[in-house]
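For clarity, every value in this text was computed on a predicted model and none was experimentally measured.
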Amino acid sequence: MKKRQRKGYLFLLPSLTGVMLFWVIPYIDVIRRSFFSAVTEEFTGVQNYRTIFSNQAFLLACKNTLRFFGVCIPILVGLSLFAAVLLTRQKHFAHLIKSMFLLPMAIPVASVVLLWKVLFHSQGLLNHLLERLSQGGVDWMNTGASFAVLVVSYLWRNLGYDIVLWAAGLGAIPKSLYEAARVDGAGEWRCFRDITLPNLLPSLFTIVVLSLLNAFKVFREAYLVAGDYPQEDMYLLQHLFNNWYRELSMDKMAAAAVVTGAVILALILVLQKAWDREE
């Protein structure tokens, strides 16, 4: 047994070394930098944290990012689950439909940006359609509607990915459970509530965490379309970090990175504890 354990540790050693070198040690250095001045290298205590929490740009970016997560992730998780359940009952063309949902993930970011500009420009296709319907055009990228554009883009890009994850979880549920429930007179809703949902809890945790991490990637499209300083409803934490990096404000960046990492870690731990309790 000890020999097998040693082989297991040796097998994990290269990956563990890479994680330590490229993630753990640099993040520890980020934590250290958050307590020092970027210019004089003097110890400043929690002054950098006080600075970011009094910074209006940081507060705006946090508000928009949390709002984005709060809107997008519940919609994405619910919509993808609904679509996955329908697809598992589809006997024909199910694989083709899944591939169609996954297609947006394969589209390069530059092409997605071009699509944004064609659709949501003030003289774009969407406004042209609204004018044909005798509706007033909307300046999508320079008004509060920009947040809706961000949400739609995220859902469009990530829906297929979550559908595949849900489909894998649904496929792992034994068919015999449904057969036994139907013999006892359970309907479709009862089977879904008492069999499907409880058995999908492990998948739910994984999907929510991956959706949370994928939500940070929407910055690429937003940055390429609107630049460093987009309409304020589109201003996310990634915009803030990018601007601070350009200004070489490493002390503020370090403090903000520590706060962001701590919030994400706490959220993941809370979700895991909640679903462990449900199980």
Side-chain angles (χ1 to χ4, degrees), residues 12-73 109 146-147 150-151 154 158 205-206 208-276:
L12 292 175
L13 184 60
S15 298
L16 182 61
T17 302
V19 170
M20 291 294 294
L21 287 176
F22 299 107
W23 193 87
V24 175
I25 295 175
Y27 197 76
I28 291 174
D29 185 60
V30 169
I31 296 175
R32 181 192 67 81
R33 286 173 181 269
S34 69
F35 296 101
F36 288 82
S37 169
V39 178
T40 62
E41 290 292 335
E42 294 179 356
F43 180 76
T44 58
V46 296
Q47 182 58 42
N48 291 329
Y49 293 92
R50 291 176 180 169
T51 300
I52 64 171
F53 281 112
S54 62
N55 186 288
Q56 293 301 314
F58 177 76
L59 297 178
L60 175 64
C62 287
K63 184 190 77 170
N64 288 339
T65 303
L66 291 174
R67 180 188 174 199
F68 181 74
F69 289 164
V71 171
C72 287
I73 293 178
V109 174
S146 60
F147 183 79
L150 208 61
V151 170
Y154 171 76
N158 292 277
F205 173 73
T206 302
V208 170
V209 172
L210 290 176
S211 299
L212 178 67
L213 298 178
N214 285 333
F216 284 100
K217 297 179 182 179
V218 78
F219 163 73
R220 299 174 300 179
E221 291 90 340
Y223 178 76
L224 290 174
V225 170
D228 295 324
Y229 297 97
Q231 200 277 338
E232 65 175 21
D233 287 333
M234 286 180 66
Y235 192 76
L236 304 175
L237 278 173
Q238 297 94 320
H239 289 96
L240 181 76
F241 285 128
N242 184 71
N243 295 334
W244 279 352
Y245 179 77
R246 190 179 61 251
E247 298 167 2
L248 297 179
S249 300
M250 299 302 179
D251 44 5
K252 291 192 292 185
M253 279 186 64
V258 172
V259 171
T260 303
V263 170
I264 293 175
L265 178 61
L267 180 60
I268 292 174
L269 292 177
V270 168
L271 291 173
Q272 185 177 27
K273 185 174 182 180
W275 279 310
D276 287 344

Can you tell me how far [atom2] of [Y] sits from [atom1] of [X], rounded to the nearest 0.5 angstrom?
| X | Y | atom1 | atom2 | result |
| --- | --- | --- | --- | --- |
| Lys63 | Gln56 | NZ | CD | 10.0 Å |
| Glu42 | Asp251 | CD | CG | 12.0 Å |
| Phe147 | Cys72 | CZ | SG | 6.0 Å |
| Leu240 | Leu60 | CG | CG | 9.0 Å |

Out of Val209, Asn214, Asn158, Leu212, which one pairs with Ile73 under the side-chain contact (heavy atoms from CB on, under 4.5 Å) rule? Leu212
Quick one: closest heavy-atom pair of [X] and [Y], and the distance?
| X | Y | result |
| --- | --- | --- |
| Phe241 | Ala256 | CE2-CB, 3.4 Å |
| Ala254 | Val30 | CB-O, 3.5 Å |
| Glu41 | Phe36 | O-CD2, 3.5 Å |
| Met234 | Ala222 | CE-CB, 3.6 Å |

Can Asn64 and Phe68 be said to form a side chain to side chain contact (heavy atoms under 4.5 Å, CB included), step by step? CA-CA 6 Å; Asn64 288 339; Phe68 181 74; over 6 Å; no
The test is side chain to side chain contact (heavy atoms under 4.5 Å, CB included); show your working for Val259 and Ile52 and say whether it passes. CA-CA 10 Å; Val259 171; Ile52 64 171; 4.1 Å; yes
Fit a plane to each ring of Phe35 and Phe43, take the angle between them on a 0 to 90° scale, and name the class: parallel (under 30°), tilted (30 to 60°) or perpendicular (over 60°). parallel
Side-chain donor or acceptor of [X] paired with backbone N/O of [Y] under 3.5 Å:
| X | Y | result |
| --- | --- | --- |
| Asn48 | Ser34 | yes |
| Thr65 | Leu237 | yes |
| Asn243 | His239 | yes |

Would you check if [X] and [Y] make a side-chain contact, meaning some heavy-atom pair closer than 4.5 Å?
| X | Y | answer |
| --- | --- | --- |
| Phe69 | Leu267 | no |
| Tyr154 | Ser211 | yes |
| Thr51 | Asn55 | no |
| Val218 | Leu236 | yes |
| Asp233 | Arg67 | yes |
| Phe205 | Ile268 | yes |

Restricting to salt bridge (Lys or Arg N to Asp or Glu O under 4.0 Å), what partner residues turn up for Arg50, sequence neighbours left out? none
Excluding sequence neighbours, so at least two apart, what forms side chain to side chain contact (heavy atoms under 4.5 Å, CB included) with Glu247? Tyr229, Trp244, Ser249
Contact list for residues 14-33, test side chain to side chain donor-acceptor pair (under 3.5 Å), sequence neighbours left out: Asp29-Arg32, Asp29-Arg33
